[in-house]
Amino acid sequence: MPGDLAAQAVSALATVSPEPGAPKPDPILVADGVNRHFGGLVAVDVTHVEFQKGAITALIGPNGAGKSTFFNLLSGFDKADGGTWVYAGTAVTNTAPHKLARRGMVRTFQLTKSLSRLTVMDNMLLGAGGQKGEVMIASVLPFLWSAQEKKNRERAMVLLERFNLAAKADDFAGSLSGGQRKLLEMARALMLEPSLIMLDEPMAGVNPALKQSLLDHIRDIREEGTTVVFVEHDMDMVRDVSDWVVVMAQGKVIAEGRPDVVMRDQRVIDAYLGAHHDQQLTKSGESLTEGTSS
Amino acid sequence: MHRGFARLLLALLGLVIGAVALTGVAQAAGPAIIAVVTDANKAPIAGVTVTVTGPDGFTGTGETGADGTATIEVPKSGKYVITLDESTIPGGAAVKDGPERTANVLSGNKKILFPVGVPDDGGGGGDSGGAGGITLDRVLQLILDGVVLSLIIALGALGLNLIFGTTGLSNFAHGELLTLGAFTAFVLNVWWGIDLLIAAPIAIALSGLLWGWGQNQILWKPLRKRGTGLIAAMIVSIGLAIALRYTILFIFGGTPKSYAQFAGQPGLELGPIFITPKAIVLSIIAIIVLVATILWLKSSRIGKATRAVSDNPALASASGVNVERVISVVWVVGAILAAYAGIFLGVTQNVVWTMGQFLLLTMFAAIVLGGLGTISGAIVGSFVVGITVQLSTLIVPTELKTGAALLLMIVLLLVRPQGLLGRPERVG
Amino acid sequence: MDLGFVLTQSITQAIGVTAIIYLLATMGLNIQFGYTGLLNFGQIAFVAIGAYAIGVFMIQWQQNPWPSWMPWQTLVPNLWVAILYALLLSVILALILGIPTLRLRADYLAIVTIATGEIIRLAFKSTDPLGGSQGINGKMGQDFYDLNPFPQQDRFDFGPLTYTRADLWVVICGWVVIGLLLLLTWALMRSPWGRVLKGIREDEDAVRSLGKNTYLRKMQALILGGLFGALSGIFWAIAKQSVQPDSMVPAFTFFCYTILILGGAARVMGPVLGAIIFWFLLVFVEQFLLLLIDNGTITFLVPTQVGPIRFILVGLGLMLLMIYRPQGILGDKKELALDAR
């Protein structure tokens, strides 16, 4: 049962010591010495970090901590100046994003990348992997791919219904609301049946009414056995949904642990206070949610 | 926005009607056949008679000037026969490949080459390498010509780069800013009889106001407000370039023109090299203008604001910079620099409707070479391009010289996509 | 000259040789720019390669082999082989253009392609073995004309339209080729492959994150569009039996953009509608103005000013279309509502 797997993963994390770079019982993604400079600025300098398989891990930190850059590096959208990382036992350092995606490591973006002038259904179909009809020569011979296309379409419809987008299937993605686009992007990523999904600020720009359903979707994804790593500013969400929290500041991992433990960690409070003197970490809701990450 | 565009249309229409009224329609426009007569060493031959016959019984005659060219305007596109009267060639030499040529004239000018005689060295290599081989004198001369060309390119490229930096627009109508500047001076100088020394500054000021500030106000500002994308805006600028270029052709005709003053200035021989006094003066002014512009960008308030907007418009705007005002200033400065470049080109060569178009690609090449959006990069790139263009004639045929600079740009892009002085870009 | 003549002229040109040349090139641009979002500003480079390959292989190097030891008569026995070479050369050109630039920002491709178009034009113009400034003239399409099935007669009348035997053959074949290519475009663009291209146009990174090799697809689109461009050039050489360097100017590509945006980018039939309307209007305006000048209605223009007026209208048309109706005639209303681009 996938659900059991998730439960196992979570219980396994209970034994992990809350220290930066702590080894996990069953890591799916391990990064070593990853760094990235822009001119003189060190954006990312991560000594060691592991992400537990089957869990939901949140990556947090003040603005400019290098979270998004780290995400871009791991997912192949930026080139690291040094370091290595291993996904599911295979070295994938600086591997092109499309190759990572084919191995089951899929990401979404902070600024939603719905393909505006494609229909919602076409967006979903684009997510499906291993399509024969995407080979140029085969594309003009529909009998090679129409059966596969039909299956993908059915699968897409199931996902769209789960994400409450079925009624919009034939509309252009550009006509969706901001929150619906986030949902579409997540659903589209699931078309690839990933084993690791990386969400870059899934709550940014989503109205409160949709937030709860997004959280449920993220939990559902874990229940199905997919590992989730996400960058987020919304502390309520982090507390609510994550099994483990990794905190970055000034490009480094400064703390790790279960959400309730990490939020009380003095190093974390200092890092946030260093960035935002006027904010209180302990106050829920608006704290730490303002601003855009870089 | 509809209003804005109606204004643009009205302005263009007014320009056309006004110009037609001014010329009294006497100005013949349209394509022309340019016969170029050169001897075996590519030196021009003057005083040769050329006859053109064409459709509907058209006949026209011309005589080559000191530059070896004869321009014969033709009424419309079609097939024309161009015959060179060999008896008028000094020394009685014959034209290589015979004295008659047929040409299909489309909308633009058609250049017909009449090489006379056999090369002195008797080499059968034809076109390659131009005359004289590689000598130190020739290299020095070409470097000097290259520097002069570089200055003209730099004046255009700096403005183009500033506009690109602040608005993100790859302005394909920037060449026309040069042409418009040159023709504004031409109207003042030749039509209205104002001495060029007075007409040029007036034309430059007018260009800044009309073609810079006015263009931004009527076209680009409304488009930015509308949220028009960068690719769409780039295509709009292509449309504008075509419309402006042919409006100029419509009004002034296709024949290359000269200003009333400084046209046939004799050159100076400085040791092995040769240059006209007007080119020296114009180059010195160009250097002063370029240095002044760079200093202004580095030190003045608005100059610093310009660089801030280039760096990050949203951030600049958030920190209190009036982005639209900066963009207005940049358009004015860009148009002024371009107008001076146009007049420079008009005085040292001639004033013709395609003058800016021909330089546009070298300006883009300069910017890409130097690094998109960087100020010093535009200047460095211009010198690389300008000198490459001229020096390349040592090894490639003269007609291919622009190609050499463009090729250099492509090769550099392969090795260093961010340009010579640009920084690697941050992704994501 | 009367209005009837003006209309006949306009219709003839709207479906004639020139319109077909532009249409073929524009259909290639539709694949590159319309569907994939690639800013190819040098479609003329592909057209020039296609046209010059025919001219050089069929005329220039047959009569005057270069280099002199090359047995061109054996290597290029007929037009059909020359066409194969032309297509092959256009693929090579697409690879040369694409390999360095398709990884860079979109506007680099624009600048590199427009520059390449100019380099190619200047290279042809200044190299005598490639025709030099005079271009290449001669019966380069003879093998094609030999297949003409129409009976030997001076003229063929279709209502007001009149064709010579050769013209009729050329125009019919041109439209048949266009029909086949439209079918191909339609089949490609309704497939998952076409969906990837459209995705790349909207957001390349998103498509990459979904496991697609976008670089490969962009290269395929560039090559395919380039092949269409080369076919345009091949048709040019055969139909006009003349290839001139000064016709291969950047403006050609810009006219193609105007046609594409007029008809509707990313629509299979967009270029067809665009090309027909574009050439009808262009010729109509020219001929109508000439008619008015001829019969004295317009006195403030001389005939040589009519040419520039056409191009002023093209430029203004391109601006207005891009601003007010970027989706063109065949565009989708729902798409307009998105205010994309």
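Chain letters run A, B, ... following the sequence lines, proteins first, then strands; residues in each count from 1.
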Legend entry - Pick from C/Leu224, C/Asp203, C/Leu184, C/Val207 with the largest number of heavy-atom pairs that fall under 4.5 Å of chain A: C/Asp203
Legend entry - chain A contacts, top residue of C/Ala206, C/Ala187, C/Gly194 (heavy-atom pairs, under 4.5 Å): C/Ala206
Legend entry - More than 12 heavy atoms of other groups within 6.0 Å of A/Lys53 NZ: no
Inset, instruction - Before accepting this row, confirm whether a basic side-chain N of the pair A/Arg153/A/Glu149 lies closer than 4.0 Å to the acidic partner's carboxylate O. - result: yes
Inset, instruction - Give a yes or no on whether a salt bridge exists between A/Arg162 and A/Glu224, defined as a side-chain N under 4.0 angstrom from a carboxylate O. - result: yes
Of all the heavy-atom pairs spanning [X] and [Y], show the shortest one and how long it is.
X	Y	value
C/Arg267	C/Tyr35	C-OH, 3.5 Å
A/Ala128	A/Glu134	O-OE2, 4.4 Å
C/Thr253	C/Gln43	OG1-N, 3.4 Å

Among [options], which has the most heavy-atom pairs under 4.5 Å with chain C?
options	answer
A/Leu126, A/Val135, A/Val140	A/Leu126
A/Asp122, A/Asn123, A/Val106	A/Asp122
A/Ser139, A/Gly129, A/Gly76, A/Ala101	A/Ser139
A/Asn152, A/Leu141, A/Leu125	A/Leu125

Inset, instruction - Using heavy atoms and a sub-4.5 Å threshold, report which of residues 209-222 of chain C line up against chain A, by residue number. - result: C/Ser209, C/Leu210, C/Gly211, C/Lys212, C/Asn213, C/Arg217, C/Gln220
Inset, instruction - Check whether A/Ala138 gets within reach of chain C through its side chain, its backbone, both or neither, counting any heavy atom under 4.5 Å. - result: neither
Legend entry - Structural part of A/Arg103 lying under 4.5 Å from a heavy atom of chain C: neither
Considering only heavy atoms from C-beta outward, does the side chain of [X] approach that of [Y] to under 4.5 Å?
X	Y	value
C/Phe228	C/Asn30	no
A/Arg188	A/Leu159	no
C/Trp193	C/Leu188	yes

Inset, instruction - Answer with yes or no after comparing the ring centroid distance for A/Phe77 and A/Phe71 against a 6.0 Å cut-off, counting only values under it. - result: no
Legend entry - Any donor-acceptor N or O pair under 3.5 Å, side chains A/Ser75, A/Arg107: yes
Legend entry - Residue-level contacts of residues 81-98 of chain A with chain C, using a heavy-atom cutoff under 4.5 Å: A/Pro97, A/His98
Inset, instruction - Enter the distance from C/Leu93:CG to C/Ile96:CD1 here, rounded to the nearest 0.5 Å. - result: 6.0 Å
Legend entry - Test item: A/Lys67 side-chain N/O and A/Asp200 main-chain N/O as donor-acceptor pair under 3.5 Å: no
